[in-house]
Amino acid sequence: MGYAEVTVVQGDITQQQVDAVVNAANRRMRGGGGVDGAIHRAGGPAVLEDCRRRFPHGLATGDAGWTTAGDLPARWVVHVVGPNHAAGETDRALLVSCYARALAVADELGARTVAFPLVSAGIYGWPRQDAIDCAVATLAGTPTTVEEARIVAHDAATAAQVRASLSE
Ligand code: ADP
């Protein structure tokens with residue numbers, strides 16, 4: 001097993017032409033705001049149906065699991081549940097786990113290209129710079145068969161911050 005090449009683009013995660021996109025889900029896995037809302041809107045009802053069927057009890061914080069990607073260009077959605085910093089979940093190991101578990105699930109699926117949002121950096125309020133550093137270090141340092149781990153930053157300032165973290 002090797003290591004993924006970590007890349008960054010500015011854009012919308014739902015539009016990525018990759019094998020799998022990662023969703024910043026919540027424990028219930030029944031949809032939400034931010035990336036979760038965008039993925040369910042663009043993926044259509046098949047994503048929610050598969051969430052209900054495969055994860056009737058949802059997912060634990062720090063864990064990952066896959067569903068169909070419905071109408072998205074990707075083939076799979078890998079759902080992860082980031083720690084809710086805003087609600088007092090500040091254990092960084094849980095955020096590291098989201099990226100490591102997502103890569104492990106992508107390995108099981110045989111996904112070679114995977115797009116990641118900055119998990120927990122939105123509604124869940126994880127400090128931006130640390131969320132970026134955690135994504136970059138974990139994606140670059142975890143053995144995997146994924147070839148490209150693409151970090152999708154929603155805005156230009158965040159994309160620049162990810163690029164800076166990547167070149168450190
Ligand atoms: P969480 O609840 O885990 O904090 P969010 O979805 O609220 O997750 O936000 C995670 C990050 O994804 C934030 O940096 C947010 O700006 C960004 N984001 C929101 N929508 C999209 C999108 N459609 N594509 C890529 N990134 C997005």
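Along the sequence shown, the residues carry numbers beginning at 1.
Residue pairs meeting the side chain to side chain donor-acceptor pair (under 3.5 Å) criterion with at least one member in residues 44-53, sequence neighbours excluded, are Asp50-Arg53. For residues 152-168, no pair satisfies salt bridge (Lys or Arg N to Asp or Glu O under 4.0 Å), with sequence neighbours left out. Within the structure, the ring-ring contact (aromatic ring centres under 6.0 Å, His included) test picks out the following pairs touching residues 85-120 (sequence neighbours left out): His85-Trp126, Tyr99-Phe116. Applying the salt bridge (Lys or Arg N to Asp or Glu O under 4.0 Å) test to residues at least two apart or on different chains, the pairs with a partner in residues 128-146 are Arg92-Asp130.
Under the 4.5 Å side-chain heavy-atom criterion for grouping Ile, Leu, Val, Met, Phe, Trp and Tyr, Val22 is not connected to Val35 through any hydrophobic cluster. Put simply, Val96 and Val136 are part of two different groups of oily side chains (I, L, V, M, F, W, Y) that touch within less than 4.5 Å, one to the next. Val80 and Ile39 fall into different hydrophobic clusters, where Ile, Leu, Val, Met, Phe, Trp and Tyr side chains are chained together by heavy-atom contacts under 4.5 Å. Under the 4.5 Å side-chain heavy-atom criterion for Ile, Leu, Val, Met, Phe, Trp and Tyr, Val105 and Val146 are members of the same hydrophobic cluster. Note on Leu103 and Val162: same hydrophobic cluster, where clusters join Ile, Leu, Val, Met, Phe, Trp and Tyr whose side-chain heavy atoms are under 4.5 Å apart, directly or indirectly.
Residues Ala131 and Ala121 come closest through the heavy atom pair CB-CB, 3.9 Å. Heavy atoms only, all atoms of each residue included: Pro83 and Cys98 are closest at CD-SG, 4.4 Å. Of all heavy-atom pairs between Leu48 and Gly31, the closest is CD1-N, 4.4 Å. In this structure, Ala74 and Ala69 approach most closely via the heavy-atom pair O-CB, 3.2 Å. Taking every heavy atom of both residues into account, Ala64 and Ala102 meet most closely at CB-N, 3.8 Å. Minimum interatomic distance between Val152 and Ala115 (heavy atoms only, all atoms of both residues): CG2-CB, 3.9 Å.
Under a 3.5 Å cut-off, the side chain of Thr142 and the backbone N or O of Leu139 do not form any donor-acceptor pair. Within the 3.5 Å criterion, the main-chain N or O of Ala100 finds no donor-acceptor partner in the side chain of Thr138. Not one N or O on the side chain of Asp107 forms a donor-acceptor pair closer than 3.5 Å with the backbone of Thr144.
Separating the CZ atom in Arg41 from the CG atom in Leu72 is a distance of 11.5 Å, to the nearest 0.5 Å. To the nearest 0.5 Å, the span separating SG on Cys134 from CG on Leu95 amounts to 4.0 Å.
Considering only residues two or more places apart in sequence or on other chains, Arg28 meets the side chain to side chain donor-acceptor pair (under 3.5 Å) condition with none of them. Legend: residues meeting side chain to side chain donor-acceptor pair (under 3.5 Å) with Glu147, ordered by chain and number and at least two apart, are absent. Applying the side-chain contact (heavy atoms from CB on, under 4.5 Å) test to Ala20 and every residue at least two apart in sequence or in another chain returns Trp76, Val78, Ala111, Val114. In this structure, the side-chain contact (heavy atoms from CB on, under 4.5 Å) partners of Pro143, at least two apart in sequence or on a different chain, are Met1, Tyr3. For Arg27, the side chain to side chain donor-acceptor pair (under 3.5 Å) partners at least two apart in sequence or on another chain are Thr61. Under the side-chain contact (heavy atoms from CB on, under 4.5 Å) criterion, Leu59 pairs with Met29, Phe55, Asp63, His79, Val81, not counting sequence neighbours. For Gln15, the side-chain contact (heavy atoms from CB on, under 4.5 Å) test picks out Asp12, with sequence neighbours left out.
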**side chain to side chain contact (heavy atoms under 4.5 Å, CB included) assessment of Ser120 paired with Glu89** = CA-CA 10 Å; Ser120 292; Glu89 281 185 306; over 6 Å; no

**Message:** Using side chain to side chain contact (heavy atoms under 4.5 Å, CB included), reason through Tyr124 and Val119 one step at a time and then give a plain yes or no.
**Reply:** CA-CA 8 Å; Tyr124 280 2; Val119 178; over 6 Å; no

**Request:** Any chance you could lay out the side chain to side chain contact (heavy atoms under 4.5 Å, CB included) test for Val8 and Leu166, step after step, and finish with the verdict?
**Result:** CA-CA 9 Å; Val8 56; Leu166 268 175; 4.0 Å; yes

**Prompt:** Passes side chain to side chain contact (heavy atoms under 4.5 Å, CB included), Val6 versus Ile151? Steps please.
**Reply:** CA-CA 7 Å; Val6 183; Ile151 298 174; 3.9 Å; yes

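At least one test fails for Arg75 against the ring of Trp66: distance under 6.0 Å to the centre or angle within 45° of the axis.
Grouped with Val47 in a hydrophobic cluster is no other residue, since no side-chain heavy-atom contact under 4.5 Å to another Ile, Leu, Val, Met, Phe, Trp or Tyr is found.
Asp19 has its side chain out of reach of Leu109: every pair of non-hydrogen atoms, C-beta onward, lies at least 4.5 Å apart.
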